[in-house]
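Down below is the structure, laid out as structure tokens.
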Amino acid sequence: MFPYEKYLRRDRFPHIWCTGCGCGIVLKALLRAIERSKISKDDIALVSGIGCSSRTPGYVDFNTLHTTHGRAIAFATGLKLAKKELKVIVVTGDGDATAIGGNHFIHAARRNLDMTVLIYNNYIYGMTGGQASPTTPTGKKGSTAPYGTIEPAFDISGLAIAAGASFVARSTCYHAVQLDKYIHKGILKKGFSVIEAISPCPTYYARPNRLGNVVDMLQWYKENSIPVEVARKVSEEEKKDKIIIGILHDAEKPEFCEEYQRLSARVRKIDNK
Amino acid sequence: MIIIYTMAVKTRKFAVTIDKNRCKGCLLCVAFCPRNVLAMQKTEAKVADPDACIGCQLCEIYCPDFAISVSKIEEENGK
Amino acid sequence: MVNRENAKLMTGNEACAEAALVAGMSFFAGYPITPSSEIAECLARRLPQEGGTFVQMEDELASMAAIIGASLAGVKSMTATSGPGFSLMQENIGYASMTEVPCVIVNVQRGGPSTGLPTLPSQADVMQARWGTHGDHPIIAVAPSTVRETYDWTIKAFNFSERFRVPVVVLLDEIIGHINEKIVFPKREEIEIVDRARTKQNPEDYKPYELTDSDIPLFADFGSGYRYHVTGLSHDETGFPTNDPKKVDLLHRRLNRKIDRYKSEIISYKTAFLEDADLCIVAFGSSARSAYRAVSRARTSGLKVGIFHIFVLWPFPYEELNKIARRIKKFIVPEMNLGQVAHEVACATKYEVTQVNRVDGGLITPDEILEAIKNVPV
């Protein structure tokens, strides 16, 4: 029923993502959100870094930019500041955004630059063969954590809120319909909006950690997610290792492009006095 | 090559099509369909019981490969 | 006091910033680093006045990413840094080469390697300007030696970048960046400004890297109705990734051919006193200033010495130097590094080259060059 095809670069299909990979589900949520926002394809720039999720722009019919690992947000900053009318959406992965790209992620959030950042968080580096990432849960295995990672994982949404993002939401591929609502809100939001999508990686996360197939993973998301409204009322114990979903932060803050335009106007007024 | 299972049965309201080129047999559509319309045929999904489809589109939402789509069959007299 | 000559006392850094504005630059992203911060400071003040955009990014490689993003939106963009930042920018400079996005990178060289001598000059980033990023890639590097030349060569850097769709490096050093000199501005109408060639095809048929007989694809601004794909992966004329050996070979040879093919229109140098010389000094950047003085003093004491002053370091003037080597057998290369250009001159001329090197943070003096002139084995 949903007109996905009109957004796709059909000759690029079938896509490269593995059987049961969540990237396709997240991409569909993104397309439903874009459809609802009624923004013309000409005015959308989809920018990505390197990794499985960063192959998304190649498959969709927008102004698409596949940049270097971790740097999508920095490229997108230049694109947005040079052409404010563009609706700039960044698609990135947990490693791309918070490992090598962490510095750009927190600074763009601090600036509250108008941009929607959709993070496919599959807890692992998929493209390079299943290495542990900053969001691999402690104890879980990756090809570079064969005995289970001893590192604590990032709370990406918490990081975004602390850095200054004005809209932060999280959902999972099981809660795909809420996901498209949060992406839609993020797109409409004037400011730095972050949507974290917990996404299954059957090949490199589920298999080494014996988590079953993609249906089992989505089932696990269903049973281990708590809406943020509930989470605010239950004890820490009940929330432990659970995925908190929903709109986690939504604030009104000055937006960088507008502040810059006001500065220019102020400077040019002084100038021609 | 798109296989369209739309046998001309009066009561059917929805047509489910699966693009064999795109389907990777991940089981998600089969798992999420509330009416067992879909089933696995070796490594690919296929429409087993087209009449049972209630048009809920869960298969479409959860298919990662853009391989399945549900469309409404217009009434004979175009109502 | 009427400024009839339209002149001003100005530093190299400031001249570089003003020249960029004249060239049409309207987006600057940078990060503080001695000795280039003045370029950012000047543009932070000037760009809002000119309706352009200035942003201080979180680091140099983010700055390099931002200017590529801006250029894809259709504006002329620039960043400025010094050695350490230039090293951080290399991966994205390679991205600009691969995706053929015009942009200018100013490197005000300081003592290296590493933190080195932040407030003192060097010319030791010459090879990095050419080979800093990985893989065979097209790039141009220019090296002015005065404040006025910085002004001219910054504008030319933008013109090269726009015409050939390549990143262009402007190599200054701490001396040129910080020296105050009188600069007489050329008349605006005399200055040639080049803009990238844009496509006239209708969007459905547009291929971002379609083969043209000029080897330079036609540009389309992001958000102007041309929806296309840009990636750092090896790609074909449609812009989509490919591993097809034929297409990959085609791309990589075309990218590098863009410079080799137009070398004669890029290479630039100035010669003096070479007609009857039996010894040639090859110099660039601030060392050239001392070289001119050394040559004139050598001439007054009867020594037949000339100078070959290089403005465009990459592509390097191998053939031009080789032609000169048919007559002149002795070459001296003064440079504030351990022989990076001397090596290229030796390749070009096939002769032993006398090196005059300083790597102590000091500018090579005319006396040191004169000393070398006198001691060159006959």
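Just so it is clear: chains get the letters A, B, ... in the order the sequence lines come, proteins before strands, and each one is counted from 1.
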Test log, rule side-chain contact (heavy atoms from CB on, under 4.5 Å), inputs A/Arg12 and C/Phe240
CA-CA 9 Å; A/Arg12 309 301 306 167; C/Phe240 288 103; 3.4 Å; yes
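At a threshold of 4.5 Å between non-hydrogen side-chain atoms, the residues C/Leu61 and A/His104 count as touching. Annotation: side chain of C/Arg227 is not in contact with side chain of A/Thr64 (no heavy-atom distance under 4.5 Å). The closest side-chain heavy-atom distance from A/Arg55 to C/Leu233 is below 4.5 Å. Taking 4.5 Å as the limit, some side-chain heavy atom of A/Leu65 sits within range of a side-chain heavy atom of C/Phe222. No side-chain heavy atom of A/Lys83 sits less than 4.5 Å from a side-chain heavy atom of C/Val75. Side-chain contact between A/Arg9 and C/His229: present, with at least one pair of heavy atoms (C-beta onward) separated by less than 4.5 Å. Within the 4.5 Å cutoff, no side-chain heavy atoms of C/Tyr228 are placed close to those of A/Asn63. In this structure the side chain of C/His235 never reaches within 4.5 angstrom of the side chain of A/His66, judged on heavy atoms.
Salt bridge absent: C/Glu50 and A/Arg268 never bring a charged side-chain N and a carboxylate O closer than 4.0 Å.
Both the backbone and the side chain of A/Leu81 come within less than 4.5 Å of a heavy atom in chain C. Contacts between C/Phe54 and chain A at a heavy-atom distance below 4.5 Å involve backbone atoms as well as side-chain atoms.
For A/Phe75 and C/Tyr95, the ring centers sit closer than 6.0 Å to each other.
One distance of note links CD of C/Glu58 with CG of A/Asn103; it measures 5.5 Å at 0.5 Å rounding.
Shortest non-hydrogen contact noted between A/Phe256 and C/Val55 is CZ-CG2, 4.1 Å.
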